[in-house]
Amino acid sequence: MSLPQFRLLRPRSTEEAVSFLAKHAGNIRVLAGGTDLIPSMRQKLFEPEYVLDLRGIAELRGIRPKSDGAAEIGASTTLSAIEKSAYLRRHYPVLTEAAATVASPVLRNMGTIGGNICLDTRCLWYNQSLTWRKGCGFCIKKDGDLCHVAPGGTKCWAAFSGDTPPALLCLNAAIEIAGPNGTRRIPLQEFYTGDGVNYRRLLPNELVTSVFLPAESAGYRGVYRKLRVRGSIDYPLAGVAVVMKRSSGQVTDARIAMTAVNPAPLLVRRAGEMLIGKTVDEALAEAVGDLAARTAKPLTTSALTPEYRREMIRVFTKRAVLAAASN
Amino acid sequence: MKKELVELKINGRTHELAIEPSALLLDVLRQDLGLTGSKRGCDESSCGACTVLVDGVAMMSCTLLAATCQEQEITTVEGVTEHGSLAAIQKAYGDWGGAQCGFCTPGFMMTVKSLLAENPDPSEAEVRSALSSNLCRCTGYSQMYEAIRAAIAAERQGAPSPQ
Amino acid sequence: MSDFSIIGKPTAMIDAAEKTTGGGKYTDDLSVPGMLIGKILHSPYPHARIKSIDASRAEKLDGVVAVVIGSDAPNPYGILPVGHDEHALALDKVRYVGDNVACVVALSEAVAEKALELINVEYEVLPAYFDPEESMKAQTDLIHDNKPGNLEKDYHHAFGNPDEGFAEADHVAEARFIANEVTHAAMEPHSTLASFELNPHTGKLGRLTVWSSTQVPYYLQHKLSLVLDMPMAQIRVIKPLVGGGFGGKSEVIPLEIIAAVAARKAQAPVKITYTREEVFWAHRGRPRTIIDLKTGIKNDGSITCVKARVVQDGGGYCSYGVVTILYSGALLGALYDIPNIQYDGYRVLTNKPACGAMRGHGTVNVRFAFESQLDELAATIGMDPAEIRQRNLLKPPCITVNGLRVQSYGLPECIEKTVERSGWKQRKGKLPKGRGLGIACSHYVSGAANSIIRSDMPHSTVNIKIDRDGGVVVYTGASEIGQGSDTMTAQVAAEVLGCSLARVRVIAADTDLTPIDIGSYSSRVTFMAGNATLRAAEDVKKRIAAAAAKKMNCATEDLAFRDDLVFKKGSALPVVKKDQIEEAEVTQAGASVSGRVEGQILRGSLQQKRKEEGPKEWMTFEEAVVAAIDFHGALTGTGSYAPPQEARGGKHKGAGVGPSPAYSYSAQVAEVSVDEDTGEVTVHKVWAAHDCGRALNPVSVEGQIIGSVWMGMGQALTEEMVWKDGMLMNPGMLEYRSPSAVESPEVEPIIVESIDPEGPFGAKECSEGSLAATIPAISNAIYDAVGVRLHECPFTPERVLAAVRAKRKDKALNLTEGVDPTAPARFREHGGALCFNGKGPQRHALDPARREAPATARGTD
Ligand SMILES: Cc1cc2nc3c(=O)[nH]c(=O)nc-3n(C[C@H](O)[C@H](O)[C@H](O)COP(=O)(O)OP(=O)(O)OC[C@H]3O[C@@H](n4cnc5c(N)ncnc54)[C@H](O)[C@@H]3O)c2cc1C
Ligand code: SF4
């Protein structure tokens, strides 16, 4: 399968990149590691006239610890670099753990954190070749007006399937976005829409430039649990991240987020409330698991049945909470 | 689309080529340069048979645009052989049954090479994890572990052969 | 010192360096001047009549050379003589999503892909059949007009007296088992390059050369000749390196025919390489299978009767289907001593890609059912599962009740060894909760005793030529596909001739150069091509011996060949021997040639001196070869192999499939743990004992055992082709989950050597027989771990969890969409719907979404 034809733009600075984006907005795709975009272009899911390659922009790479304990990660930083960063491992272990589960080691050498955040939503009825999609009938997400997963609905349920965003949500991460009018910073939580088609709030002329981990989130214990059939390569079929802080056995703060079961990675609302001030035991962990499972809305967008994946959100949340609270 | 002139540095040699901007590194290697050692086993960046080293880092050449690899050092399986003789890992894969049909083998050579460059004495779990970037359909991976252990030993002393 | 100097020693494959350096060429690595690229247009419908094809817009696209359609090559073909139901490209009908409609030949892949979009095909959509049991009820809109009830073939066999058998039984178990569909997923996608020569006399297209990723060059040559209406002698098929087959390249695959037809129409060389998705459509894998199985045993554990009704979902074409359904029956009852067997097999057509032969052809799914049920019966009578297997062994030499001749039978030793190595007796039943051991056995043929094209020709012929410098060249049609057949050939030749392996070169699988061998499938190569090589080597050795005996003044029987020497038996070997061998190797490597005499490479003064001496106790291999050439002229030998009449089976209808000159045996113990909250199964280790007759190359044998067990584990746990109304939901390596290194267990291969009386040096099969035991060994281990019997494979976490929860009587959760994995009644389709409310592209009339009221959105609450 060959790629559709396009013109390649290779800016050297963020500024130059943004100007290219402004010039060709609507007809251009950003290429970071390419591990999501290139296979999708093979399947003719994207046929842009221009491709903007970020590999030549040095300023977008790197993990920059701040003096106050916060950290800034350039959008083009590879997942391998994050996984291997001693600094991040010490201060934000949930992120390194989640990053280490993405795809396979070689894909992590290529894939970037920016690409992971911006990852297209996935669906078995969508991530297929053009010939396949023709046979099946085009759907809302691409070229069609119906959904195979939830027939009768008008919404796309393709699942957001990145591994690091639930960890980043737990860390209250923010992202910086550069556009024609300068940069803006938004909490990552506000980046996702919950719709499978327009899954992120990013204008066509904008670029994600970096991720901020606030100092207040440093030092949380963190656990990431991922459901996959194979021990490598596979995208998550469900994923749960938990961060927790305790003092003399009692939870002082906690957050839980999930991925791969909704069109957006989601924080589990009220999970913190349930945990704070308590000592974690089986029953409490179980209750939090039940809460998380109610947030999950898996559909037939991927392998394994939706009921099973929802059940795994419950089990994994319970286990992750227990693991985060163990010594 | 109009072809553009690019310069690619592959296995220590610089090649000037006219390629389309959409050309993938794997296709340029195989079709334009006749370096057919790197293989295409899937279309989804999943199988690892096309793995090459880019500035020493293992990457999938089927997922890289050739034009974005300029100014970088690319090593393919053809560049692994040392002065015309088999590198220890190549010899060991042969001796210990690490290669059967051989189609995935070039990819594994690159993955293992980058593993050993980074970590000359990997634990069993580290080897497993590193190999998990590449799929093999013949060996069940077991004999590859023996081959890798043998290659590490061979690098340290003279090469032992099985039994 | 062993009796052998070459075989039995771990030997690197002779082509290993080609593979590890990337220097070896597979078909897609080849190109020839003027070569064009072909791309195939596939059907988007599972069942439709083609009303018209308009390729005019595609033909006009710049860079397009030709567009090929069905009428360009209308002759039917198929791998089985009874199943000629395929065409190069669809003539009037398409029968599965992915069926071949047209082929564009263009200057580049990108142009060809673009042109595909410009071809207009008008279809009349027909009702389609996806479930084999539904398909069998079809009255109209048959998939093939000459197959009523969409039944490709059914067989009904009764051996012994099944009714009496069940009457004698103290316990009877009866259940439905379901095995879902799996495919080979060899790492190399199929590829074919076809090129015509110009006839110098007529200026028209002349001979055809085809390079193809095939396990069976001879069959390809044969089918090309049918479709192209050309004599076989005008067609040359060359098999370059093949990146794995497992059966997926053991028949003629559409692209192989299409490439040749396209090259003829384009009047230029054409290469077609499948995308991974096309590989899944070409498929020919293991059909999903329903097995209704009933087994009776006595209180002492002896089996009195087995009855099986097997329904295979064969897909849209016959392929090897008739053979598959027969293997399922023939090998069901031949592993153990079973006096009464009833078998009803149905090979059913459906609108899905054709199923065919896959590693363990026909035996795997029924073996899963049988070995699982045997475990249940052992539990019923409170007998150890290893023991119940030992109670039912055959007593060879014997002929099984269905007519299969068994001579060597290493199964008892296989069971003994796995039991011992795995610590079965000490550990079974004593592992911590959630961890368990399971045992199962299997077997397979060492090649079919009857070839699919009925004739009396040998199944394999091998030629050998030896030149004056002692270089041995073996010409064999056997196809190296990664299993090591070239290495086996070289080893056998070197062993017989007593020369070093480095002297032997193997020229394989080129129909112009190599005599006919019917290919690499049903594990026949070592047994059959190995025997042919052995005989060819014996033939040429006879000639060398005659000349050498003359020189040495002795009888040929007094001579021994070994270590590159020909010597009188019992004579003290020369002290110089070692140096000379080293020298010989140096000469072989071409590094130092110490003298050329009359155009031949001889070893200078030493050689000359020895030539002048009188009778001696020994000669070097080269000296003996020179003597033989001086004596006979050309030094060549030939050998062939045909299975003996006694091994060709019984007389009943379908008796041709199942018989083999020898069978391999396997016994395995799997150790697994099951996470009772997630249903995830981890295989920790598999002990796999395999009776391969004699291990000619232990590294290879172990590699084959491990590979088979590993592939069986894939089918047991992660691999499954997921369907939705004829759409394959996972046509790629990402969603079709072939295990990665992380979850692949340690496999301890245990070689058992029963030394078959007819195998080459006693060797038998080692590449397929182990696969089938792995699946039931794992399911039995899951039972041991958590007490649930899974009757549907693969044992995905949702299925395991559903069974575990049901057993615990937990709150009911519909984890498997209504199909109970412990008592499955039907195949499960992927959820969702293809079409809704008449919107979107027209789908076939049987689409459930069109027949029923629109399903309401689920999970949108
Ligand atoms: C076989 C396979 C398995 C995988 N498994 C996993 C997995 O388990 N978990 C997982 O999370 N991911 C998985 N992935 C997806 C992917 O590898 C990772 O998500 C990776 O982090 C994506 O990063 P990238 O740089 O390669 O993204 P790209 O492919 O370069 O980009 C992805 C998307 O984000 C956009 N984009 C990228 N960077 C920016 C930016 N700075 N600003 C704005 N938009 C941007 C692109 O336009 C594109 O739409 C898998 C991929 C493959 C091929
Ligand atoms: S959820 Fe529905 S609309 Fe979205 S990609 Fe899947 S099938 Fe298409």
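To find a chain, count down the sequence lines: A is the first, B the second, and so on, and within it residues start at 1.
- Nearest heavy atoms, Ile706(C) versus Ser142(B): CG2-OG, 3.7 Å.
- Side-chain contact check for Cys138(B) versus Phe246(C): some heavy-atom pair is nearer than 4.5 Å.
- In this structure, CZ in Arg40(B) is found 7.0 Å from OG1 in Thr275(C), a value given to the nearest 0.5 Å.
- Of the two parts of Ala186(C), only the backbone, made up of N, CA, C and O, holds a non-hydrogen atom closer than 4.5 Å to a non-hydrogen atom of chain B.
- Val242(C) touches chain B through its backbone: at least one of N, CA, C or O sits under 4.5 Å from a heavy atom, while the side chain does not.
- For residues 98-120 of chain B, the interface with chain C (any heavy-atom pair closer than 4.5 Å) comprises Ala99(B), Gln100(B), Cys101(B), Gly102(B), Phe103(B), Cys104(B), Thr105(B), Pro106(B), Met109(B), sorted by residue number.
- Residues Thr21(C) and Val80(B) fail the side-chain proximity criterion, which asks for heavy atoms closer than 4.5 Å.
- Salt bridge annotation for Asp28(C)-Lys39(B): absent, with no cationic side-chain nitrogen under 4.0 angstrom from a carboxylate oxygen.
- Options Glu735(C), Glu18(C), Lys25(C) differ in how many heavy-atom pairs under 4.5 Å they form with chain B, and the most are formed by Lys25(C).
- Expressed to the nearest 0.5 Å, how far OG1 of Thr139(B) lies from CH2 of Trp710(C) amounts to 7.5 Å.
- Only the side chain of Thr81(B) comes within less than 4.5 Å of a heavy atom in chain C; its backbone stays farther off.
- Here Asp43(B) is the residue among Ile89(B), Leu86(B), Leu131(B), Asp43(B) with the most heavy-atom pairs under 4.5 Å with chain C.
- The contact between Pro745(C) and chain B is made entirely by backbone atoms, counting heavy-atom distances below 4.5 Å.
- Contacts with chain C (heavy atom to heavy atom, under 4.5 Å) involve no residue of residues 52-66 of chain B.
- Around the NZ atom of Lys685(C), the shell of radius 6.0 Å holds more than 12 heavy atoms that belong to other residues, nucleotides or ligands.
- Of all the heavy atoms in Leu734(C) and Ser46(B), the pair that sits closest is CB-OG, 3.4 Å.
- When each of Val77(B), Thr76(B), Val127(B) is checked for heavy-atom pairs under 4.5 Å with chain C, Val77(B) comes out on top.
- Proximity to chain C involves both the backbone and the side chain of Ser132(B), based on heavy atoms less than 4.5 angstrom apart.
- Between the Arg137(B) side chain and the Gly244(C) main chain, no donor and acceptor come within less than 3.5 Å of each other.
- With a threshold of 4.5 angstrom between heavy atoms, Leu135(B) approaches chain C through its backbone and through its side chain.
- When heavy atoms are compared at a cutoff of 4.5 Å, Met711(C) approaches chain B solely by way of its side chain, counted from C-beta outward.
- Of all the listed residues (Met187(C), Gln483(C), Met713(C)), the one sharing the greatest number of non-hydrogen pairs under 4.5 Å with chain B is Met187(C).
- Neither the backbone nor the side chain of Phe280(C) comes within contact range of chain B; no heavy atoms are under 4.5 Å apart.
- Ranking Ala110(C), Pro739(C), Gly482(C) against chain B, the residue ahead of the rest is Gly482(C), based on heavy-atom pairs under 4.5 Å.
- We find the OH-CD distance between Tyr145(B) and Glu746(C) to be 10.5 Å, quoted to the nearest 0.5 Å.
- Of the possible donor and acceptor atoms, one in the side chain of Arg128(B) sits under 3.5 Å from a partner among the backbone N and O of Ala741(C).
- By number of non-hydrogen pairs under 4.5 angstrom with chain C, the leading residue of Cys42(B), Ala87(B), Ser133(B), Ala125(B) is Cys42(B).
- Here the closest non-hydrogen pair linking Ala16(C) and Gly94(B) is CB-CA, 3.7 Å.
- Heavy atoms of Ser744(C) lying under 4.5 Å from chain B belong to its backbone as well as its side chain.
- When the candidates Gln31(B), Arg30(B), Glu146(B), Glu78(B) are compared by the number of heavy-atom contacts under 4.5 Å with chain C, Arg30(B) comes out ahead.
- In this structure, the portion of Glu277(C) lying under 4.5 Å from any heavy atom of chain B is its backbone and not its side chain.
- The candidate with the highest count of non-hydrogen atom pairs below 4.5 Å against chain B, out of Glu480(C), Arg276(C), Glu702(C), is Arg276(C).
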